[in-house]
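The structure appears below as structure tokens.
In this text the structure is predicted, and so the values were computed from the model without any measurement.
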Amino acid sequence: MKHPTASAIVLLLLTVLASRVSAVEPQTVSFTTRDGVQITGSLFLPDKHPAPAVVLLHMMTRSRHDWDGAAQKFVDAGIAALSVDFRRAGQPQTNAKGGDDLADLVLDVEAARAYLAARPEIASGRIGIAGASVGANVAAIVAGNDASVRSLALLSPSLEYRNLRMEPALRKFGSRPALLVASSEDPYALRSARGMVSMGDGPRELRVLSGAGHGTVMLSRESDLATVLVDWFVRTLL
């Protein structure tokens, strides 16, 4: 059996140390919604300020940590990232009364965007939102109502998700750009994404993956997806 040389071991150790140094430790932050709910998030900041920023939204029953790997890539590109836990994160999503209407999640993202805008490290007017599954629908609704959101990336979006309807949101989003991503074996998300290409009069870029699954699961199955998202926001925010 051939043993590694001393120089090879030193090189390996330096590589490991360099990767640890380059990883940004996120700040755990919290803020309060208009209806008094406290929301928790992870804020990843690049070295240079003020920086553009992206709000990252998870899918049903998951948490903000689905975005940890992608958030590091945003920081490497000079973009701040705020991943947030929806109220009732990690649990089957019902509203406060146990019903199916999830409109209160919109309040969580409105508070996240306002929190980012108030941070001195964030460049004014250069904020985007990326959302997965239910997070995609919430992202579009918030952006449609807020002219300061410059760009969207929607993973596995739905034409309607428990009364969170996409068409009126994207038409209000208007001329601003949106990236739509769905996997070929996820028929409702793919059909929805294709339908959204003509919603609103701004650029709508469609990416179809294969075997990538649904929502933030796609980030783990498709190794290049995080880079695609970073490239999108570099093009539309910087």
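Ion pair Lys172/Glu167 not flagged as a salt bridge, since none of the NZ, NE, NH1 or NH2 atoms sits closer than 4.0 Å to an Asp/Glu carboxylate oxygen. A salt bridge links Asp35 with Arg87; the closest basic N to acidic carboxylate O contact falls under 4.0 Å.
At least one side-chain heavy atom of Leu229 sits under 4.5 Å from a side-chain heavy atom of Leu179. In this structure, the side chains of Glu121 and Leu43 stay at 4.5 Å or more apart for every pair of heavy atoms. For the pair Met196 and Arg204, the minimum side-chain heavy-atom distance is 4.5 Å or more. Residues Ile39 and Tyr115 fail the side-chain proximity criterion, which asks for heavy atoms closer than 4.5 Å. Using a 4.5 Å cut-off on side-chain heavy atoms (C-beta onward), Met60 and Leu102 make contact. Ile122 has its side chain within reach of Leu45: a pair of non-hydrogen atoms, C-beta onward, lies under 4.5 Å apart. Side-chain atoms of Leu180 and Val197, non-hydrogen and from C-beta on, do get closer than 4.5 Å to each other. For the pair Ile79 and Pro46, the minimum side-chain heavy-atom distance is 4.5 Å or more.
One N or O on the side chain of Ser156 and one on the backbone of Gly215 form a donor-acceptor pair closer than 3.5 Å. Side chain of Thr33 to backbone of Val37: a donor-acceptor contact under 3.5 angstrom is found. Side-chain atoms of Ser183 come within 3.5 Å of backbone atoms of Ala212 as a donor-acceptor pair (strictly under, hydrogens ignored). The main-chain N or O of His214 is never found under 3.5 Å from a side-chain atom of Asp186 such that the two would form a donor-acceptor pair. With hydrogens and angles ignored, the 3.5 Å screen pairs a side-chain donor or acceptor of Glu185 with a backbone N or O of Gly211. The closest donor-acceptor contact from the side chain of Asn145 to the backbone of Ile141 lies under 3.5 Å. A donor-acceptor pair under 3.5 Å is absent between the side-chain atoms of Arg126 and the main chain of Ala51, judged by distance alone. Of the possible donor and acceptor atoms, one in the side chain of Ser63 sits under 3.5 Å from a partner among the backbone N and O of His65. For the pair Arg176 (side chain) and Gly202 (backbone), a donor-acceptor distance under 3.5 Å is absent.
Across every non-hydrogen atom of Leu159 and Tyr188, the tightest pair is N-OH, 3.5 Å. Minimum heavy-atom separation, Ala140 to Leu170: CB-CD2, 4.4 Å. Shortest non-hydrogen contact noted between Arg64 and Gly41 is NE-C, 3.5 Å. Closest non-hydrogen pair, Leu56 versus Ala71, comes out as CD1-CB, 4.2 Å. Considering every non-hydrogen atom in both Ala136 and Leu155, the closest pair reads CB-O, 3.8 Å. In plain terms, the two heavy atoms of Ala123 and Pro52 that are nearest each other are CB-N, 4.1 Å.
Residue Arg165 qualifies as open at atom CZ: its count of foreign heavy atoms under 6.0 Å is 12 or below. Within 6.0 Å of the CZ atom in Arg207, the count of heavy atoms belonging to other residues, nucleotides or ligands does not exceed 12.
In this structure, a donor-acceptor pair under 3.5 Å is present between the side chains of Trp232 and Ser151. In the model, His58 has no side-chain atom that pairs as donor or acceptor with a side-chain atom of Ser83 under 3.5 Å.
In this structure, the separation between OG on Ser220 and CG on Leu225 is 9.5 Å, given to the nearest 0.5 Å. For the atom pair CH2 of Trp67 and NZ of Lys73, the computed distance is 13.0 Å after rounding to the nearest 0.5 Å. The structure places CZ of Arg34 at 10.5 Å from CG of Asp108, a figure rounded to the nearest 0.5 Å. Going from atom CG of Leu206 over to atom CG of Leu154 covers 11.0 Å, rounded to the nearest 0.5 Å. If you take NE2 on His49 and CG on Asp47, they are separated by 7.0 Å, rounding to the nearest 0.5 Å. In this structure, CZ on Phe44 lies 11.5 Å from CG on Asp76, to the nearest 0.5 angstrom.
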Could you walk me through whether Glu160 and Asn163 satisfy the side-chain contact (heavy atoms from CB on, under 4.5 Å) test, starting with their C-alpha distance in whole Å, then the side-chain angles of each, then the deciding distance to 0.1 Å, before giving a yes or no? CA-CA 6 Å; Glu160 181 171 355; Asn163 298 324; 3.7 Å; yes
May I have the step-by-step check of side-chain contact (heavy atoms from CB on, under 4.5 Å) for Arg113 and Leu82, ending in yes or no? CA-CA 9 Å; Arg113 194 217 56 79; Leu82 174 62; over 6 Å; no
Leu219 vs Thr216, side-chain contact (heavy atoms from CB on, under 4.5 Å): CA-CA, chis, key distance, verdict: CA-CA 5 Å; Leu219 292 167; Thr216 49; 4.2 Å; yes
Go through Met218 and Arg221 one step at a time and tell me if the side-chain contact (heavy atoms from CB on, under 4.5 Å) criterion holds. CA-CA 5 Å; Met218 294 196 291; Arg221 291 187 182 176; 5.8 Å; no
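Hydrophobic cluster membership is shared by Ile127 and Val29, with clusters built from Ile, Leu, Val, Met, Phe, Trp and Tyr side chains linked at under 4.5 angstrom. Linking ILVMFWY residues whenever their side-chain heavy atoms come closer than 4.5 Å, directly or via other members, places Leu57 and Leu116 in the same cluster.
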